[in-house]
Amino acid sequence: MKTSVTAIKGTKDILPEEVKLWQKAETICRQVFEAYGYREIRTPIIEPTELFVKGTGETTDIVTKEMYTFTDKGGRSVTLRPEYTPSVVRAIIEHRLYLQPAPLRFYYFGPMFRHDRPQKGRYRQFHQVDIEVFGEADPALDAEILEMADYLLRRLGVSSPETLINSVGCPVCRPNYLSLLRQEAEKIKPRLCEDCQRRVELNPLRVFDCKLPGCQEQAALLPRITDYLCAACADHFAAFRSWLEFYGLNYRVEPKLVRGLDYYTRTTFEVISSGLGAQNAILGGGRYDHLMKLYGGPDICGIGFAMGMERLLTVAKLQVEEERFVYLAGWGEKAKPIGLRLCRELRRLGIHVLLEYKEKNLKALLSRANKLGAAWVIILGDQEAELGVCGLKEMKTGVQRTVSLADLGNILKRLEAPEKTLTDFNSKEEPKP
Ligand code: HAM
């Protein structure tokens, strides 16, 4: 049946079967991040608009075209966050977390909002898992972050991801490069799209972000930033690469990888996967050594990345363990309160119980349990209830035993071990020694 109200274009529901995959991926992310010393942080979805205008950058596509911005009832311009990095920097300054011993390592999961043209792998509400590190300038950290990303993607079953890296320089070397770039971009301007023509004026670096093949062809003729790095940035880049080699990580230097956000300095990177189509970046990130200061905080450097969960789950090969649960239904009048009490006790023992209220005969009950994929069925008629027992049927083997209600929880707990079956139990409730 089609409802008259449907989800907003570019957003999607994540239904229970799929949620299991998300949970599995999130659990692996948490395990990996925590092993590397990251702690979870949570910030609001809604932020003052100026946070992104200032940090993400006035000339970026995100800020000029894609933000969900509106005036709230107090007359303040607010934005549904399009990315996470500015929010975490704000929170660190606001709560003076920078006073804690460096480096600070944080991770975060949550929805982001960008009003772009929806297509495969590009949504208006999408989810990122994000990590950020503050207070460490050593290029070995840049490599450690990619080493963690590589390990994480392996754990998530992503086959043959490709790592692209670049350096976008710093406030010392970038202005000279930008004026040269502008001069050169002026020459090809007539052959660029309208957006890129504007970019040449405002921020010629953004020409490299354009996805149109014509613009990409032209952008390939422009000078590359890696040829114009100052000595300090060149040293940082060389050291970063040698640490990547130390970790045995494969990578490709991609001089056009300037990333679509303004705050980056020095290291930028993306991990792409051929299984994703046009939107092929699973994760992207880099250094942003001056962002904290830009927001009026202390001069503390930062680096991080964000991974798109929807894109990740398109290419991740994750095994979700089958959920084993007990099915309880079909009691008579007298058995009902006993069944409900039993159900509560089992649930408190951590046993998953699927409870249904409709009365069914035994045949219908077993067929329904089978359809639902129950591992066990509790058969509790009035007669059993009076005797303080129930039938316990194991669906996989078809074995059925009469079990005392007092022992049921204990038996089910033991049956949770995958190698155990009801045949390991004697005819009555007593388990074999
Ligand atoms: P970003 O490259 O804009 O970087 O986004 C990171 C990842 O989010 C992308 O690689 C992609 O997987 C996913 N993503 C982005 N836009 C969409 C979309 N419309 N639909 C689906 N997935 C999408 C950032 O957001 C930076 N804050 C990353 C960062 C963290 N840099 C430093 N720290």
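Source: prediction; values computed, not measured. Both counts, for ligands and for their atoms, begin at 1 and track the order of listing. Positions are given from 1 along the sequence.
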Asker: Any idea which protein heavy atom is nearest atom 8 (O) of ligand 1, and the distance to it?
Answerer: Q128 NE2, 3.2 Å
Asker: Hey, is ligand 1 close enough to R259 that some N/O pair sits below 3.5 Å?
Answerer: yes
Asker: Among R241, R266, H236, whose side chain to side chain donor-acceptor pair (under 3.5 Å) with D142 holds?
Answerer: H236
Asker: Should the pair E201-R198 be classified as a salt bridge under the 4.0 Å nitrogen-to-oxygen rule?
Answerer: no
Asker: Can K20 and E321 be counted as an ion pair, charged N to O under 4.0 angstrom?
Answerer: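 So K20 does not pair with E321 through a salt bridge.
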Asker: Can you sort out which atoms of ligand 1 are near E132, meaning under 4.0 Å from one of its heavy atoms?
Answerer: 30 (C), 32 (C), 33 (N)
Asker: Flag I303 as yes when one of its N or O atoms lies below 3.5 Å from any N or O atom of ligand 1, and as no otherwise.
Answerer: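 No, there is no polar N/O contact under 3.5 Å.
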Asker: At a 4.0 Å cut-off, with the gap strictly under it, does some heavy atom of T85 reach an atom of ligand 1?
Answerer: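 Right, T85 reaches ligand 1.
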Asker: Which atoms of ligand 1 are found less than 4.0 Å from any heavy atom of Y123?
Answerer: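 With Y123 as reference, the close atoms of ligand 1 come out as 18 (C), 19 (N), 20 (N), 21 (C).
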Asker: Show me which atoms of ligand 1 lie under 4.0 Å from any heavy atom of G308.
Answerer: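 Counting from 1, the qualifying ligand atoms are 7 (C), 8 (O), 12 (O), 13 (C).
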Asker: Does L283 approach ligand 1 within less than 4.0 angstrom via side chain, backbone, both or neither, non-hydrogen atoms only?
Answerer: backbone
Asker: Short question: side chain of T56, backbone of L261 - any donor-acceptor pair under 3.5 Å?
Answerer: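 No, T56 side chain to L261 backbone: no donor-acceptor pair under 3.5 Å.
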Asker: Ignoring angles and geometry beyond distance, decide whether Y264 reaches within less than 3.5 Å of ligand 1 through its nitrogen or oxygen atoms.
Answerer: yes
Asker: When you compare the side chains of T79 and E47, does any donor N or O come within less than 3.5 Å of an acceptor on the partner?
Answerer: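 Side-chain D/A pair, T79 to E47: absent.
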Asker: Keeping K189 on the side-chain end and V200 on the backbone end, is there a donor-acceptor pair under 3.5 Å?
Answerer: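 Judged by distance alone, no pair lies under 3.5 Å.
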Asker: For atom 11 (C) of ligand 1, find the nearest protein heavy atom and state the residue, atom name and distance (0.1 Å precision).
Answerer: R311 NH1, 3.4 Å
Asker: Please check if the side chain of E310 supplies one atom and the backbone of H127 the other of a donor-acceptor pair under 3.5 Å.
Answerer: yes
Asker: Starting from atom 27 (N) of ligand 1, locate the nearest protein heavy atom and write down its residue, its atom name and how far away it is, to 0.1 Å.
Answerer: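 I find the closest protein heavy atom is E83 OE1, 2.5 Å.
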Asker: Checking a contact table here: which protein heavy atom is nearest atom 32 (C) of ligand 1, and how many Å away?
Answerer: G304 O, 3.2 Å
Asker: Using every non-hydrogen atom in the two residues, find where L257 and N166 come nearest and quote the distance to one decimal.
Answerer: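 Looking at all heavy atoms of both residues, the shortest contact is O-ND2, 3.1 Å.
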Asker: Just to confirm my output: which protein heavy-atom neighbour is closest to atom 7 (C) of ligand 1, and how far is it?
Answerer: A306 O, 3.5 Å
Asker: Between I282 and ligand 1, which residue portion shows a heavy-atom distance shorter than 4.0 Å: side chain, backbone, both, or neither?
Answerer: backbone
Asker: So is there a nitrogen or oxygen of Y288 less than 3.5 Å from a nitrogen or oxygen in ligand 1?
Answerer: no
Asker: Could you say whether the N/O atoms of R122 and ligand 1 ever approach to under 3.5 Å?
Answerer: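 Between R122 and ligand 1, no N or O pair is found under 3.5 Å apart.
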Asker: What protein heavy atom sits nearest atom 28 (C) of ligand 1, and how far away is it?
Answerer: G284 O, 3.4 Å
Asker: Can the positive tip of R105 be found less than 6.0 Å from the middle of the six-membered ring of Y107, inside 45° of the ring normal?
Answerer: no
Asker: Considering non-hydrogen atoms only, spot the tightest contact between A369 and V377 and give its length.
Answerer: CB-CG2, 3.4 Å
Asker: Are Y264 and Y288 an aromatic pair, judged by ring center distance below 6.0 Å?
Answerer: no
Asker: Can E310 be said to touch ligand 1, with heavy atoms closer than 4.0 Å?
Answerer: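 Per 4.0 Å heavy-atom rule, E310 does not contact ligand 1.
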Asker: Tell me, which protein residue and heavy-atom name are nearest atom 10 (O) of ligand 1, and how many Å apart are they?
Answerer: A281 O, 3.4 Å
Asker: Polar contacts were defined as any N/O atom of the residue lying under 3.5 Å from an N/O atom of the ligand; does this apply to R114 and ligand 1?
Answerer: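 Yes; the residue has a nitrogen or oxygen that sits under 3.5 Å from a nitrogen or oxygen of the ligand.
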Asker: Closer than 4.0 Å to some heavy atom of G285 - which atoms of ligand 1 meet that?
Answerer: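 This gives 31 (N) as the contact atoms.
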Asker: Counting both backbone and side chain atoms, is some N or O of F126 under 3.5 Å from an N or O of ligand 1?
Answerer: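 It does not: no N or O of F126 is found under 3.5 Å from an N or O of ligand 1.
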Asker: Taking only heavy atoms of D130, which atoms of ligand 1 are found under 4.0 Å from at least one of them?
Answerer: 30 (C)
Asker: Donor-acceptor check, side chain of R206 to backbone of R199, threshold 3.5 angstrom: yes or no?
Answerer: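 Not confirmed, R206 side chain does not pair with R199 backbone.
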Asker: Between Y38 and E132, do the side chains contain an N or O donor and an N or O acceptor separated by less than 3.5 Å?
Answerer: no
Asker: Mark up the atoms of ligand 1 that fall under 4.0 Å of a heavy atom belonging to Y263, in ascending order.
Answerer: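 This gives 26 (C), 27 (N), 31 (N) as the contact atoms.
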Asker: Which pair of non-hydrogen atoms, one from C29 and one from L152, has the smallest distance, and what is that distance?
Answerer: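 Closest pair (atom of C29, atom of L152, distance): CA-CD1, 3.7 Å.
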Asker: Contact between G121 and ligand 1, counting heavy atoms under 4.0 Å?
Answerer: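 Yes, G121 has a heavy atom closer than 4.0 Å to ligand 1.
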Asker: Do side-chain atoms of K24 reach the backbone of Q319 as a donor and acceptor pair under 3.5 angstrom?
Answerer: yes
